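Labels below follow one simple rule: chain letters A, B, ... track the order of the sequence lines, proteins then strands, and each chain is numbered from 1. The model shown is predicted, which means the values in this text are computed figures rather than measured ones.
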Amino acid sequence: MVDPVAASRLQFAITTIVHIVFPVMSMGLAPFLIYFTWKEIRGGDVVYEQLRRFWSHIFAVSFVVGTVTGLVLEFEFGTNFAAFSEFAGELFGGPLATEGMMAFMLEATFLGIFVYGRDRVSDRMYMLSAVAVGVGTWLSAVWILIANSWMQTPRGYEVVVENGQRVVHLTDPVAAYLNPRFTYEFVHMQNAAVESVALFMAGIAAYHVFRHHVWGVSVESVAFWETTLKVSIVALVVTAPLQVLHGDMYARHVFETQPHKFAAMEAVWETASYVPEYIIAFPTSVEQLLDPRAKQIFGLGIPGGASWLASGGDPQATIQGLESFPGPHPPVALVFWSFRIMVALGFWFILLAVWSAYRWYRGELVEDDLLHKALMGSTPLGFLAVEVGWIVTEVGRQPWLVQGVLRTDAGVSPGITGTEATLTLVGFGLGYTLLLALYLYVLWRLIRAGPPTRRELGDDAGTSETDESTAPTPSGGGGAE
Amino acid sequence: MTAEYAYGLPLDQLWFGLVFAILGTFLVLDGFDFGVGAIFALRRDHDEREALLDVIGPFWHANEVWLVVFGGALFAAFPPVYARLFSRHYLLMFAVLLALAARGLGPELRHQRDDAAWQRWWGRSFAAGSIATPVLLGLFLGNWLVGATTTITLVGALTGLTALALCVLLGAAFIRLKLGDPLYAAARTYGQAAAASYLVLVVATLAAIWTRHPGLRDAITALLPLGLVALTVLVLLVFVGALRVGWHVAAFVAGAVLTYGLVALVAVLMHPQVDPGSGLTLAEGVISPLPLAMMSGVSVLLLPLVALYFVILYSEFRGPLHD
């Protein structure tokens, strides 16, 4: 049997890593859906109705799976982290309850109208429901990130002993809930969600456009996919540079407020100045290859880069090393590599954005098959960047559950047994694999089927799909039909 | 801790009531979804099954959120209760989550493919989840009341079946509001059977509490149990009568009264404890005055808005489904 502490931590990690996919999908799709609905209602081209129908279907599926997996996380605070919930419930429970009442309720009620009500409600009510769903998803992030930012940089509380137990009391709600970390997390997360969904949309659209123009397979609704591609490129051009610029500010904020985490992100063991920013790094002996605390590192780095990053421009700046902090350290290798993967992806997305925009500007958007392959390959990479980013944030905070206040192992429920914890851990391991497989299967089916065609939507313009945009024009490898 | 804070209001008492009121609202609203799911299990015809899924289609996402809010409210106002109750009933809580997942994913996946085997499988998932969720939540509620340390208790199991009967009763009334024959006629039969089962089960539950938990006898006696049963019979008669003459809204309201009544009974029997399992009283379990007053303000602002959202949703989709 796995030890309940280890099992609870692992289970929470698995359930969060799977869950985050669905809110990212819904938060990222929300602004697009509002835009598509607006254009459809204002009497735009039928393509906007196709866009709204197709992407709201993907939204609805993600919402259902997100609800199922999100409820798990809420319950796990009680079932697996009872000591934490009792200790910090006074501060932590409020934002969760508010999230339910303010955000989730708004999203879920109007989703009923948004998904089922197009033929039943007025245009005005339909537009309202699209906005309400979108605002609801984003408000959820506000309250969840308020709760999370307090765990990173706790303020506005005091620890008192009550009936022999340490508990947190809220003393200053403004300091606790309007935590400076919150703004960083919110901007970084919301922009990441839109960027990830833009990449997802672009990748799928590129697949269909590629099939049509390069392979010469006549894809119905190719106009729809071209519009999807263009809309997602616009979003990518806006979000990709913003994400990296803001990430730089965020990293500096982490350096100032969580120096222990920053030292792990850069794998700085001894306090030093003029610290290089390693691009790649290896332990110098083979035995240390699997040791997350390997110290003898051979690496290629930018001299003074980490110091420059931390201080905002001074390559001579001093970075406090891991050795100067007491107690266990976060698993350095995991944090170090996750951070690097995230940053590398961030720059790759900027390259993709510039590349696509340039091709579009030259009027060659549908012709560059290397670009299409790059976009297709990048379909899930935004989500990957979100995952590794959260690993930096959450694993980098270890061994603390609430930074400097409560250790993670002290937050686990005292009452649960190894058998119980192992049982649910195995259950989630299997169940979530199945769940993800089913989710991807459904997405794949929806993507293959494509949107309802213009004819199905009763578009009297009468022209068939393929006539109205460019006919299949094979370029590169594919042969004509 | 004392919570006599804002305007001298007994906020801890009000929050105790609010937490159970939210649970009751969940059981009424998602309860009819579960009831429709249970009736779905009894029907074989493909078109009938599709119609039953259409009945709850626009509503069930929103209804389920009341469970999220129940968890949030309990966590926010009584964190030790949330922590102790959920970790004590560790496997039960995950069973509830599994049942809810089966219920939620069922209809969504069922619609993805046309072949019969696939649809049968996800139909089963939906039906099993719809039946299991109220039973497990009833088990949770009964265990909470009697302070059980084991997962399955007699009182808990009876409460679970009682909750299922309530859900079928609510589901039957809702189906009659939305659908025509043959489900319209069948729902009357199901509703009547559920009403009769409910009466038997609720009396059995009370009897089980009386015999198994002598500590609660005084609390039961104080409620005039015979009067309570008489009142239940009266409301059940209203339900059946309204169902027969076609006053389906009245029948649904009678079902809602029974649901809130059952939850209120649990709350009243438990009071002034909040977690009988660890002997925690209201005053010990509640958070300190400042955050409690804040959460009260938040709820007073937001819950009326939430009510408005539900009014909008239900009135946009009012009336029979296939007209």
Chain B heavy atoms under 4.5 Å from F87(A): which part of the residue, side chain, backbone, both or neither? neither
E64(B) versus F104(A): any side-chain heavy-atom pair under 4.5 Å? no
Region of T171(A) in contact with chain B, defined by heavy-atom distances below 4.5 Å: backbone
More than 12 heavy atoms of other groups within 6.0 Å of D114(B) CG: no
Result of checking F86(B), F75(B), F140(B) against F75(A) for ring pair (Phe, Tyr, Trp, His ring centres under 6.0 Å): F86(B)
The interface call for F317(B) against chain A, heavy-atom contacts under 4.5 Å, is both
Correct closest heavy-atom pair for Y177(A) and M294(B) would be CE1-CE, 3.9 Å
Considering only heavy atoms from C-beta outward, does the side chain of W66(B) approach that of M105(A) to under 4.5 Å? yes
Non-hydrogen side-chain atoms of E74(A) and V68(B) separated by less than 4.5 Å: yes
Using non-hydrogen atoms only, which part of F110(A) is less than 4.5 Å away from chain B: side chain, backbone, both, or neither? side chain
Greater than 12 external heavy atoms within 6.0 Å of W118(B)'s CH2: yes
If you tally heavy-atom pairs under 4.5 Å against chain B, which of Q165(A), M102(A), E99(A) wins? M102(A)
Applying a strict 4.5 Å limit to non-hydrogen atoms, the region of V115(A) in contact with chain B is neither
Under a 4.5 Å cut-off applied to non-hydrogen side-chain atoms, are L435(A) and L105(B) in contact? yes
Check whether any side-chain heavy atom of I312(B) lies under 4.5 Å from a side-chain heavy atom of M125(A), and answer yes or no. yes
Proximity breakdown for A73(B) and chain A, heavy-atom pairs closer than 4.5 Å: backbone
One option among A88(A), A83(A), A108(A) has the most heavy-atom pairs under 4.5 Å with chain B, and it is A108(A)
Who wins among G70(A), G78(A), G112(A), G431(A) for the most heavy-atom pairs under 4.5 Å with chain B? G78(A)
Is there side-chain contact between T109(A) and F59(B), with heavy atoms separated by less than 4.5 Å? no
Would you compute the distance between atom CG of L85(B) and atom OG of S85(A) and round it to the nearest 0.5 angstrom? 12.0 Å
Report which part of E107(A) has an atom under 4.5 Å of a heavy atom belonging to chain B: side chain, backbone, both, or neither. neither
Treating E316(B) as the side-chain partner and R120(A) as the backbone partner, does any N or O pair qualify as donor plus acceptor under 3.5 Å? no
Of the backbone (N, CA, C, O) and the side chain (C-beta and beyond), which part of Y439(A) lies under 4.5 Å from a heavy atom of chain B, both, or neither? neither
Applying the side chain to side chain contact (heavy atoms under 4.5 Å, CB included) test to T424(A), which of L97(B), L91(B), L98(B) qualifies? L91(B)
Please tell me whether D54(B) and Y116(A) have a donor and an acceptor in their side chains that are separated by less than 3.5 angstrom. no
Tell me, side chain or backbone of R113(B) under 4.5 Å from chain A's heavy atoms, or both, or neither? both
Any side-chain to backbone donor/acceptor pair from E90(A) onto S288(B)? Under 3.5 Å, distance only. yes
Distance col, row M101(A):CE vs L301(B):CG, nearest 0.5 angstrom, shows 10.5 Å
Between chain A and each of W60(B), F310(B), Y309(B), F70(B), count heavy-atom pairs under 4.5 Å; write down the option with the most. Y309(B)
Given side chains that start at C-beta, do those of E76(A) and M93(B) come closer than 4.5 Å, heavy atoms only? no
Using a cut-off of under 4.5 Å on heavy-atom pairs, state which of G117(A), A82(A), S413(A) scores highest against chain B. A82(A)
Relative to chain B, which of L91(A), I416(A), L106(A) shows the most heavy atom pairs under 4.5 Å? L106(A)
Is it true that atom CG of L305(B) has more than 12 heavy atoms of other residues, nucleotides or ligands lying nearer than 6.0 Å? yes
Side-chain contact, heavy-atom cut-off 4.5 Å: Q112(B) with L446(A)? yes
Checking Y441(A) against chain B: side chain, backbone, both or neither under 4.5 Å from a heavy atom? side chain
Note: vs chain B, highest number of non-hydrogen pairs under 4.5 angstrom among V68(A), L96(A), I113(A) is I113(A)
